[in-house]
Amino acid sequence: MPTSDASIGDPPLTTPGVGVALGTQWEVEVGRVAHGGHCVARHEGRVIFVRHALPGERVIVEITGVGPQGRFLRADAVSVLVASSDRVEPPCPYAHPGGCGGCDWQHASLSAQRRLKSDVVVEQLRRLGGLTDVDIADLAVDGQDGVAVRAVPGDTDGLLWRTRVRYAVDEAGRVGFRRQGSHDVQPVETCRIAHPAITGTDVTRRHWPGVETVGVVVSAGGDRVVLPQPTPALADALAGLPDDVAVPGRRGRGWVREVAAGREWRVAGDGFWQVHPGAADALVAAVLDLLRPRPGEHALDLYAGVGLFGGALADRLGPGGRVDAVEADARAVTDARRSLHGMATVHLHHDRVDRWLRSSAPRRCDLVVLDPPRAGAGPAVLRRIARLGPRALAYVACDPASLGRDVGFLRSIGWRLAGLRALDIFPMTAHVECVALLRPPANPAANPGLTRTPRHVS
């Protein structure tokens, strides 16, 4: 995935070793989709990652940046000569070259967006995970081919879903979003993917002098919170906000009530919770469907956050089961304790996952839910999990590349990818959430360091 190290709007320049000025325009044929909301094109042997294009199109691109050591170029499609049948008019007026950088695929139909995301997931599993076409075909469910990205209830044709938004603020005090590859702010009046309750706070129609960002959170429990950073010295921007909108330190509480997996959760306003209204329930359903927890089993919930998966597992494991939930963020652990205080079988641990696995983990377990940060879990954590001998691991991944790398490592020590659910909980963007089921080798003793040890008695 190309990273951004050049800003849109930079003056033309020539990069040593590349010899291409920013702003140069070429006519190109657009090839396959790439990870990160781009498609791949080539011109005179140069690789170009193009935004605002679709596979199969013929477009005019304008060069906007150069990759590390000049290995590739970045560009926007500024004119479409031959359009794909999947192209649609973007519903947002800011979704264009040089505009808001938040959405990647507003110019593609929803069905096309999901096919593109599926292609990215499959490519990362092939390239980084080492899977073959046969392996990919074995992941098909519900009669669909390969990896199908599924819609999640809670949006309106891919719009009006985002329940947590952080706006940037420009020098004039107007809120908006960063332009692609730039620190510049594109002011916006309405974000088309924001939940209607976000828009109803009226944040975008007021000025925020002296503020760098304004977060807005709305919850399934009916709470609304505005989080300006830093908090304004003057209350002008806060005056007239709807009465039910909390502003921590000024009025109301700083946490919200969320509802998922059959219970209410307490979550810090600026803490982590899925931003799509249907995401939490969809992810829990995928984890439980893949793991098939049995009464009395022992499960680990690693990178547990506020305990969403741990609480759902505890319900299935019953009074004879046990869940150890591990989370490094102190506020998340505090929220988890409040949300799960009546569940005696859930044991919360405030610790880094890698450290807890080294020093405090049980000698074995039956199930693991792993929901690591975007960078993935990595070999050290995965190897320690494998040594615990679980019968199944559910890996929740927000980045297909990290998933591919970690699946590749587990396969190298004998594990297999036995199932995959891909969920479209970020419509209009390049992001896709996956839940992967991994199973250990049939003969753990054949793999050094993976032999089960006697179960820990606590």
Shortest non-hydrogen contact between [X] and [Y], atoms and distance:
X    : Y    : result
A168 : V185 : CB-CG2, 3.8 Å
A77  : V50  : N-CG1, 3.8 Å
A436 : L417 : CB-CD1, 3.7 Å
P293 : L317 : CB-CD2, 3.7 Å
L340 : G307 : CD1-O, 3.8 Å

Under 3.5 Å donor-acceptor, [X] side chain and [Y] backbone:
X    : Y    : value
S402 : R374 : yes
T156 : L160 : no
R251 : P248 : no
D155 : L159 : no
T204 : E189 : yes
D104 : G37  : no
E433 : L423 : no
D406 : G376 : no
R178 : H183 : yes
K117 : T429 : yes

Quick one: does [X]'s side chain get under 4.5 Å of [Y]'s, heavy atoms only?
X    : Y    : result
P97  : E62  : no
T213 : W208 : no
L382 : L370 : yes
R179 : C100 : no
C191 : T199 : no
R58  : V30  : no
L420 : L403 : yes
V326 : D301 : no

Scan side-chain atoms only and decide if [X] and [Y] contain a donor-acceptor pair under the 3.5 Å cut-off.
X    : Y    : answer
S118 : R115 : no
T201 : R224 : no
D424 : H276 : no

Q: Report the C-alpha distance between R192 and D157 in whole Å, list the side-chain angles of each, state the deciding distance to 0.1 Å, and finish with yes or no for salt bridge (Lys or Arg N to Asp or Glu O under 4.0 Å).
A: CA-CA 11 Å; R192 296 287 285 128; D157 297 326; over 6 Å; no
Whether [Y] and [X] form a salt bridge (side-chain N of Lys/Arg under 4.0 Å from carboxylate O of Asp/Glu) is what I want to check.
X    : Y    : result
R421 : D289 : yes
R263 : D315 : yes
D119 : R32  : no
E57  : R87  : yes
D270 : R164 : no

Q: Take L139 and L131, measure what side chain to side chain contact (heavy atoms under 4.5 Å, CB included) needs, and give me the verdict at the end.
A: CA-CA 11 Å; L139 298 174; L131 271 68; 4.2 Å; yes
Out of curiosity, [X] [atom1] to [Y] [atom2], how far, rounded to the nearest 0.5 Å?
X    : Y    : atom1 : atom2 : answer
D351 : L302 : CG    : CG    : 11.0 Å
W105 : Q113 : CH2   : CD    : 8.5 Å
E297 : L367 : CD    : CG    : 4.5 Å
D184 : D170 : CG    : CG    : 9.5 Å
C103 : Q180 : SG    : CD    : 11.5 Å
L308 : D371 : CG    : CG    : 9.0 Å

Q: Tell me, with the steps shown, if E258 and W273 meet side chain to side chain contact (heavy atoms under 4.5 Å, CB included).
A: CA-CA 9 Å; E258 295 289 357; W273 186 261; 3.5 Å; yes
Q. Taking it one step at a time, do T345 and R322 satisfy side-chain hydrogen bond (donor to acceptor under 3.5 Å, both in side chains)?
A. CA-CA 5 Å; T345 61; R322 176 184 174 110; over 6 Å; no
Q. Under the side-chain hydrogen bond (donor to acceptor under 3.5 Å, both in side chains) criterion, do D329 and H350 qualify, and how do the steps go?
A. CA-CA 7 Å; D329 183 81; H350 176 209; over 6 Å; no
**Q.** Ring-face cation of R253 near W255 (centre distance under 6.0 Å, axis angle within 45°)
**A.** yes
Q) What residue among L393, V435, L437 forms side-chain contact (heavy atoms from CB on, under 4.5 Å) with L291? A)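 For L291, the side-chain contact (heavy atoms from CB on, under 4.5 Å) test succeeds with only one of L393, V435, L437, which is L437.
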Q) Hey, mind stepping through R162 and H195 against side chain to side chain contact (heavy atoms under 4.5 Å, CB included) and telling me if it holds? A) CA-CA 5 Å; R162 193 173 184 97; H195 191 280; 5.9 Å; no
(Q) D335 vs R331, test: salt bridge (Lys or Arg N to Asp or Glu O under 4.0 Å). Steps then yes/no. (A) CA-CA 6 Å; D335 288 342; R331 289 184 308 167; over 6 Å; no
Please state whether the rings of [X] and [Y] are parallel, tilted or perpendicular, taking 30° and 60° as the class boundaries.
X    : Y    : value
W26  : H43  : parallel
F426 : H431 : perpendicular
F72  : F49  : perpendicular

Q: Applying salt bridge (Lys or Arg N to Asp or Glu O under 4.0 Å), run through R416 and D135 and close with a yes or a no.
A: CA-CA 10 Å; R416 66 185 178 91; D135 298 325; over 6 Å; no
Q: Could you go through the side chain to side chain contact (heavy atoms under 4.5 Å, CB included) check for V33 and E123 one step at a time?
A: CA-CA 10 Å; V33 66; E123 173 63 18; over 6 Å; no
